[in-house]
J.: 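One structure, pasted below without further comment.
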Amino acid sequence: METESIVYFHPMQDMYKITAAKRHWWEDAALPGRVLRAEDAGGFFVPVDCQVPRFYYKKRDWPGEALQEAMEHVMHGAPGLADAFLHPQIMTLLSEEWRARWEPRRETVERLAAGMLAACAADCLFRRGMVTVLLGRPEDTDWQMEMTRYLLTPYLPRINSLIFHYEEVEGTDIWEETADELEAYGYEYGLVPGMKPYLVSEEGLRCGRERCKGVILDYADMPRYPRVEREGETVYADLYSHPEKERNCAGKNGRVVYISPIKYLDTVVKSGYYKKI
């Protein structure tokens with residue numbers, strides 16, 4: 001089977017060294033890609049650490065074409081079947097016409113999320129056996145449901161509570177749309193998932209008043225403000241890496257462990273070995 005690698009393009013960590021790409025590579029600006037071990041990501045993929053420095057001193061912006069070419073060069077040197085995952089700050093340096101090219105494949109998102117859960121949420125999933133899923137855009141429901149079962153399959157024998165929150169769409173029957181996925185849990189594990197619609201408020205869609213426990217798996221591109229129980233361990237897995245969600249979790253006085261693909265990749269490339277956040 002061909003190696004799967006994820007090249008993580010992110011801002012250079014050691015900015016205090018005043019490192020600039022143009023200062024080091026006078027003719028053609030280039031980016032250094034450091035291939036880590038598959039073990040550093042729990043065996044789910046081969047991580048490739050690629051830090052993006054400033055292009056000139058006292059300037060952060062790269063010419064779009066130069067950055068594009070430098071990133072492509074790193075991709076060609078990555079092992080196996082490579083895909084990219086960009087830190088949001090790097091994505092903003094690219095022109096609109098090139099951003100779509102650097103969106104990760106869905107298979108990459110799945111592989112990355114699986115590694116993140118194994119590293120940061122497996123203990124909570126096994127001990128507590130409770131999962132709340134916050135579905136995102138209705139047009140992606142099928143993929144989100146399939147991905148959820150893929151991510152939870154290693155833990156399903158221990159999961160006894162699975163609740164999905166969804167956005168109601170006029171003329172759409174969510175039970176009919178998701179019937180096959182929901183029935184699969186019952187056939188194989190005797191688990192009966194619940195489905196609850198988001199509430200509509202002045203601030204937008206929100207979760208209800210029921211308190212979430214165990215692991216919260218969030219696909220939404222905007223905060224849905226779930227209530228979290230005050231006792232016990234809760235892990236908030238934000239697949240969208242939304243800054244406001246991280247701030248909301250930080251305000252829970254340490255009761256919620258926040259994880260996201262960006263946070264997980266930062267941990268992998270900084271530590272250089274597989275460990276929990």
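Along the sequence shown, residues carry numbers from 1. Bear in mind that the values here come from a model prediction, so they are computed numbers and not experimental data.
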J.: Which value, rounded to the nearest 0.5 Å, describes the distance between Glu146 atom CD and Asp140 atom CG?
T.: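 Taking CD in Glu146 and CG in Asp140, the distance rounds to 11.0 Å.
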J.: With a 3.5 Å distance limit and no angle check, can you tell me whether Ser260 reaches the backbone of Lys263 through a side-chain donor-acceptor pair?
T.: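 Such a contact is found between Ser260 side chain and Lys263 backbone.
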J.: What are the two closest non-hydrogen atoms of Ala82 and Arg105, and how far apart are they?
T.: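 Here Ala82 and Arg105 meet closest at O-NH1, 3.7 Å.
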J.: Does some side-chain heavy atom of Tyr166 sit less than 4.5 Å from a side-chain heavy atom of Pro197?
T.: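 In contact.
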J.: Please check: side-chain N/O of Trp62 versus main-chain N/O of Leu94, any donor-acceptor pairing under 3.5 Å?
T.: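 Not at all, since once roles are kept as given, no pair shorter than 3.5 Å links the two residues.
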J.: Given side chains that start at C-beta, do those of Gln68 and Arg101 come closer than 4.5 Å, heavy atoms only?
T.: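 Touching, per the 4.5 Å side-chain cut-off.
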J.: Does any non-hydrogen side-chain atom of Thr132 lie less than 4.5 Å from one of His165?
T.: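 Answer yes - side chains close enough.
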J.: Counting only heavy atoms not in Arg211 (residues, nucleotides, ligands), do more than 12 fall under 6.0 Å from its CZ?
T.: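 It does: Arg211 CZ has more than 12 such atoms within range.
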J.: Hey, is Asp40 close enough to Arg37 for a salt bridge, meaning N to O under 4.0 Å?
T.: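 Salt bridge present between Asp40 and Arg37.
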J.: Closer than 3.5 angstrom, by distance alone: can the side chain of Arg224 be matched with the main-chain N or O of Cys207 as a donor-acceptor pair?
T.: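 No; zero donor-acceptor contacts below 3.5 Å.
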J.: Determine whether Met195 and Leu182 satisfy the following criterion, side-chain contact (heavy atoms from CB on, under 4.5 Å), listing intermediate values before the conclusion.
T.: CA-CA 10 Å; Met195 300 288 289; Leu182 296 178; 4.0 Å; yes
J.: Which class fits the ring pair Tyr219 and Trp143: parallel under 30°, tilted 30 to 60°, perpendicular over 60°?
T.: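 Rings of Tyr219 and Trp143: perpendicular, as their planes differ by over 60°.
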J.: Under a 4.5 Å side-chain heavy-atom rule over Ile, Leu, Val, Met, Phe, Trp and Tyr, are Val109 and Met116 clustered together?
T.: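 In one cluster: yes.
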J.: Using the six-membered ring wherever Trp is involved, compare the ring planes of Tyr8 and Phe85 and label them parallel, tilted or perpendicular (cut-offs 30° and 60°).
T.: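 Answer is tilted, since the angle falls between 30° and 60°.
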J.: Do Arg34 and Gln51 come within less than 4.5 Å of each other through their side chains, counting heavy atoms only?
T.: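 The answer is no; the side chains never approach within 4.5 Å.
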J.: Quick check: closest heavy atoms across Val74 and Gly33, and the distance to 0.1 Å?
T.: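 Scanning both residues completely, I find the closest heavy atoms to be CG1-CA, 4.3 Å.
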J.: Do Val228 and Tyr236 have side-chain heavy atoms sitting under 4.5 Å apart?
T.: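 No, side chains not in contact.
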J.: Measure across Pro261 and Ser241 and return the closest heavy-atom pair with its distance rounded to 0.1 Å.
T.: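 Shortest heavy-atom separation between Pro261 and Ser241 comes out as CD-OG, 3.3 Å.
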J.: Tell me whether Leu117 is reachable from Ile163 by hopping between hydrophobic residues (I, L, V, M, F, W, Y) whose side-chain heavy atoms are closer than 4.5 Å.
T.: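 Hydrophobic grouping puts Ile163 apart from Leu117.
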J.: Does His10 form a side-chain contact (heavy atoms from CB on, under 4.5 Å) with Asp49? I'd like the steps, not just the answer.
T.: CA-CA 8 Å; His10 61 102; Asp49 173 22; 2.6 Å; yes
J.: Would you check if the side chain of Gln144 reaches a backbone N or O of Gly136 as a donor-acceptor pair within less than 3.5 Å?
T.: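 Checked: pair present.
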J.: On a heavy-atom basis, which atom in His242 and which in Asp221 lie closest, and how many Å separate them?
T.: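 So the two residues come closest at CD2-O, 3.2 Å.
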J.: May I ask you to check whether Tyr225 and Asn248 show a side-chain donor-acceptor distance below 3.5 Å?
T.: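 No - no donor-acceptor pair under 3.5 Å links their side chains.
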J.: Heavy-atom count check: over 12 atoms from other residues, nucleotides or ligands less than 6.0 Å from Glu176 CD?
T.: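 12 or below, so no.
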J.: Do Glu168 side-chain atoms and Ile174 backbone N/O form a donor-acceptor pair below 3.5 Å?
T.: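 Answer holds: no.
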J.: Can you name the nearest heavy-atom pair linking Ala30 to Ala70, along with the distance?
T.: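 Result for this residue pair: CA-CB, 4.4 Å.
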J.: Between Met75 and Val35, is there shared hydrophobic-cluster membership here, with clusters defined by ILVMFWY side-chain heavy atoms closer than 4.5 Å?
T.: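 Yes, it is one cluster - the side chains of Met75 and Val35 are joined through contacts under 4.5 Å.
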J.: Kindly give the heavy-atom pair with the smallest separation between Leu86 and Ile262, and that separation in Å.
T.: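 Here Leu86 and Ile262 meet closest at O-CD1, 4.1 Å.
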J.: Measure the shortest side-chain to side-chain distance between Leu135 and Met145 over non-hydrogen atoms and say whether it is less than 4.5 angstrom.
T.: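 Of all side-chain heavy-atom pairs linking Met145 with Leu135, at least one is under 4.5 Å.
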J.: Would you call Arg128 and Glu229 a salt bridge, taking side-chain N to carboxylate O under 4.0 Å as the test?
T.: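 Result for this pair is yes, salt bridge flagged.
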J.: When clusters are formed by joining ILVMFWY residues with side-chain heavy atoms under 4.5 Å apart, either directly or through shared neighbours, do Leu152 and Val192 land in the same one?
T.: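 They do not share one cluster, since no chain of ILVMFWY contacts under 4.5 Å joins Leu152 to Val192.
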J.: Determine whether a donor-acceptor pair (N or O, by modelled atom type, separation under 3.5 Å) exists between the side chain of Arg111 and the backbone of Phe44.
T.: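 The answer is yes, because a donor-acceptor pair under 3.5 Å joins these two groups.
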J.: Is the closest side-chain heavy-atom distance between Val52 and Leu67 below 4.5 Å?
T.: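 Yes. Closest side-chain heavy atoms under 4.5 Å.
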J.: Check the surroundings of atom CD in Glu244: do more than 12 heavy atoms from other residues, nucleotides or ligands lie under 6.0 Å from it?
T.: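 For Glu244, atom CD is crowded (more than 12 foreign heavy atoms under 6.0 Å).
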J.: So does Trp102 have more than 12 non-hydrogen atoms from other groups sitting under 6.0 Å from CH2?
T.: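 Result for CH2/Trp102: enclosed.
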J.: Just say parallel, tilted or perpendicular for the rings of Tyr185 and Phe164, cut-offs at 30° and 60°.
T.: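 Aromatic pair Tyr185/Phe164 classed tilted.
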J.: Answer whether the closest heavy-atom distance between the side chains of Tyr264 and Ile259 falls below 4.5 Å.
T.: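 No - every pair of side-chain heavy atoms lies 4.5 Å or more apart.
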J.: Are Met130 and Leu156 linked, directly or through intermediate hydrophobic residues, by side-chain heavy-atom contacts shorter than 4.5 Å (ILVMFWY only)?
T.: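 Looking at the clustering, Met130 is in a separate group from Leu156.
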